[in-house]
There are 2 protein chains.
Amino acid sequence: MGTNDLDTAYFDEQLYVRNVAVDNVIFGYHDRELKVLLQKPKLLDKWTVAGGYILKTESVEEAAHNIAFMRTGLKDLFLEQFKTFGSPTRIKDEWLDIEKVFANAGLNPPTEAWIRDYSVSIAFYTLTEFSLVTVQKASFDEAIEWWPVAQLPKMMFDHALIIEEALKALQRDIYHYPIGYELLPRKFTLPEIHSLYETILGKTLDNRNFTRKLLSTGIIKKLDETRNIGAHRSPFLYKFEKKRYDAALKDGIFLGF
Amino acid sequence: MGTNDLDTAYFDEQLYVRNVAVDNVIFGYHDRELKVLLQKPKLLDKWTVAGGYILKTESVEEAAHNIAFMRTGLKDLFLEQFKTFGSPTRIKDEWLDIEKVFANAGLNPPTEAWIRDYSVSIAFYTLTEFSLVTVQKASFDEAIEWWPVAQLPKMMFDHALIIEEALKALQRDIYHYPIGYELLPRKFTLPEIHSLYETILGKTLDNRNFTRKLLSTGIIKKLDETRNIGAHRSPFLYKFEKKRYDAALKDGIFLGF
DNA sequence: TATATATTCTGTCATTTTGACGAAATAAAT
DNA sequence: ATTTATTTCGTCAAAATGACAGAATATATA
């Protein structure tokens with residue numbers, strides 16, 4: 001598991017895999033926006049993706065799950081490894097600045113600081129149902145907040161790049177897997193899922209053609225209930241068909257929007 | 001960069017990133033078979049994927065390129081990162097056996113053996129034009145050979161799994177990128193590329209529909225030359241249109257076979 | 001109570017793409 | 001000249017796609 005805390009335990013190389021971090025781009029969907037859960041360490045004015053290190057007793061995937069759990073309070077989230085980043089320059093220069101800030105604040109950096117040495121980051125993205133997330137602030141964080149991917153704050157290291165690549169991976173995967181399931185509440189309306197796909201893909205999709213295609217997969221099922229949205233026609237609620245959904249996850253489908 | 005040699009330099013943690021290996025599944029196509037380039041270390045009776053470690057002065061991608069170069073003698077190959085493997089069990093148990101073999105042979109394992117500690121492997125696949133490859137045997141290898149992916153020998157660690165995942169990634173990618181280019185000679189015939197796609201995807205593809213679709217992308221271009229194949233009609237030669245090919249690599253296409 | 005407003009929802013049609021076929025053309029061997 | 005093995009070209013019905021418009025509904029307000 002791992003937090004981003006600068007707990008001394010983190011630097012214990014008996015426990016953690018050296019030189020290897022796991023970064024997890026946690027996506028949520030709210031107010032017609034795709035958002036990522038970011039944290040801002042104390043003292044610094046840049047934000048980071050949720051991240052941590054790998055215990056020598058766990059797998060890479062378990063580490064990613066634990067990172068997601070520590071930030072959202074949710075287990076068994078949909079989580080996908082998309083790329084591993086590693087270069088001599090991706091963190092090193094910035095660590096010099098960080099250490100100065102620490103020194104000015106009277107803090108001394110850890111002696112076993114392999115963390116600022118060459119760092120490989122195994123990057124995942126995680127999909128969450130926004131409303132279920134209870135944001136968990138870690139002790140070393142000043143803040144942890146949802147940010148729209150369209151308007152990100154100043155990011156630390158290469159984390160802006162990591163988010164960019166995560167979004168690309170998500171855009172690629174959404175054509176092959178009915179991923180919307182993971183970002184939406186259990187019951188949702190057609191306009192909602194339509195808008196979600198438009199947001200993720202960053203383009204308009206004809207609503208008639210979109211629903212025609214989505215329904216033809218048999219993955220979503222109309223319910224008898226409707227949702228009241230005020231002074232407008234009440235849209236029907238739908239839910240995902242678990243069986244079909246799992247089959248689509250396994251075998252893949254193609255949604256050529 | 002890195003070889004799989006047990007050169008002492010490899011254990012120098014000043015030079016190499018600890019706990020992180022790069023494994024590279026090198027694909028080639030020959031005799032209507034998809035093959036992978038494997039090596040067999042001396043003393044052991046199992047085979048491994050081409051692999052090595054990362055110099056602290058290079059990026060992960062550079063390391064992968066160097067591994068490919070050391071085995072094939074070729075630079076700038078098409079190379080794709082597809083997954084990073086890491087778990088407490090993936091190498092540890094087998095290292096115990098390996099050390100026994102070493103001990104029996106009167107060799108003593110390196111003292112700085114972080115190599116047999118927790119190991120993360122960043123896996124790539126590489127596509128090569130079979131006939132251009134000049135296989136390069138490393139000093140610690142007893143053999144290095146092409147093996148058909150359909151009939152692999154006994155593999156070390158989780159390398160059978162890594163190859164399996166590489167093939168899955170290749171099968172996925174071939175639908176989106178005109179990857180055949182990298183596995184075929186500069187000039188090729190329609191039956192050749194047809195057979196290549198059938199081999200990779202592991203299913204028969206109607207030749208008429210296949211060529212219709214492939215030609216419609218504008219990625220390959222008919223030449224005036226033909227190839228003599230003995231007592232049969234001489235098939236025309238084709239080549240890839242560099243410009244269209246690059247555009248397809250960048251933007252992606254969809255070949256729904 | 002009627003009307004206006006904003007949103008959901010359903011349907012058509014021409015065009016394109018797909019999938020499933022068979023037959024003609026060609027190169028060398030007999 | 002005939003046979004054999006392979007390449008190459010063509011058709012056609014069915015399905016999928018893309019572009020487009022109008023009816024239905026829930027509330028607000030006139």
Side-chain angles (χ1 to χ4, degrees), chain A residues 31-32 174-176 178 180 184-185 187-199 201-239 244 248 251-257, chain B residues 31-32 174-176 178 180 184-185 187-199 201-239 244 248 251-257:
Chain A
D31 280 345
R32 299 196 156 220
I174 205 173
Y175 281 117
H176 298 279
L184 291 173
K187 298 177 182 181
F188 54 90
T189 68
L190 286 183
E192 280 165 3
I193 193 170
H194 176 227
S195 164
L196 169 67
Y197 273 72
E198 284 191 332
T199 304
L201 292 173
K203 62 180 178 187
T204 58
L205 304 168
D206 183 277
N207 57 351
R208 293 156 289 190
N209 296 339
F210 172 82
T211 52
R212 181 216 288 158
K213 191 145 202 177
L214 187 59
L215 287 170
S216 74
T217 65
I219 285 170
I220 68 172
K221 194 186 167 189
K222 194 175 186 172
L223 300 174
D224 272 340
E225 316 164 56
T226 57
R227 165 166 297 160
N228 190 309
I229 55 164
H232 307 293
R233 180 171 178 173
S234 306
F236 277 94
L237 288 167
Y238 285 75
K239 65 165 187 166
R244 293 267 200 162
D251 305 330
I253 49 173
F254 185 68
L255 297 168
F257 297 122
Chain B
D31 279 346
R32 299 195 154 218
I174 206 174
Y175 281 116
H176 297 279
L184 291 173
K187 298 177 182 179
F188 56 89
T189 68
L190 287 183
E192 280 165 2
I193 194 171
H194 174 228
S195 163
L196 169 68
Y197 273 71
E198 284 192 332
T199 304
L201 292 173
K203 63 180 178 187
T204 57
L205 303 168
D206 183 277
N207 57 350
R208 292 153 290 190
N209 295 338
F210 172 82
T211 52
R212 180 215 289 158
K213 192 147 201 175
L214 187 59
L215 287 170
S216 75
T217 65
I219 284 171
I220 69 172
K221 194 186 167 190
K222 193 175 187 172
L223 300 175
D224 273 338
E225 316 164 56
T226 57
R227 165 166 298 160
N228 190 310
I229 56 163
H232 306 293
R233 181 170 178 173
S234 307
F236 277 94
L237 288 168
Y238 285 75
K239 65 165 188 166
R244 293 266 201 161
D251 305 330
I253 50 173
F254 185 68
L255 297 167
F257 297 122

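Just so it is clear, the structure is predicted and the values come from calculations on it, not from any experiment. Letters go in sequence order (proteins before strands), and every chain restarts at 1.
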Whole-Å distance between C:dT18 C1' and B:L214 CG? 16 Å
Between protein and nucleotides 12-17 of chain D, map the contacts as a letter string: B base, S sugar-phosphate only, - none, heavy atoms under 4.0 Å, written 5' to 3'. -----B
If each of A:T211 and A:I229 is mapped to the nucleotide of DNA chain C with the nearest heavy atom, which maps nearer the 5' terminus, i.e. the 5' end? A:I229
Pull out every protein N or O sitting under 3.5 Å from an N or O of nucleotides 28-30 of chain C, one pair per line with the distance.
unit_1, atom_1, unit_2, atom_2, d
C:dA28, OP1, B:N228, ND2, 2.7

Separation of C:dC9 atom C1' from A:L237 atom CG, nearest Å, is 15 Å
By the definition side chain to side chain contact (heavy atoms under 4.5 Å, CB included), identify the one residue from B:D224, B:T189, B:L190 that meets it with B:L237. B:T189
Between the base of C:dT7 and the side chain of A:R233, is one N or O donor paired with an acceptor at under 3.5 angstrom? no
Between A:D206 (CG) and D:dC20 (C1'), how many Å, whole number? 8 Å
Is the A:F254-B:F254 ring centre distance short of 6.0 angstrom? yes
Could you give the CG-to-P distance, from B:L205 to C:dG19, as a whole number of Å? 10 Å
To the nearest angstrom, the CZ-C1' distance between A:R208 and D:dA21 comes to 7 Å
Between C:dT8 and A:K222, is there an OP1 or OP2 to side-chain N/O distance shorter than 4.0 Å? no
Atom-to-atom span, CG of A:N207 to C1' of D:dA19 - whole angstrom: 12 Å
Sidechain-backbone polar pair: B:T199 side chain, B:S195 backbone, donor-acceptor under 3.5 Å: yes
Rounded to whole Å, CZ of B:F236 lies from C1' of C:dT26 at a distance of 10 Å
Angle of first-five versus last-five pair axes in the helix from C:dT1-D:dA30 to C:dT30-D:dA1, to 10 degrees: 20°
Separation of D:dT8 atom P from B:E192 atom CD, nearest Å, is 10 Å
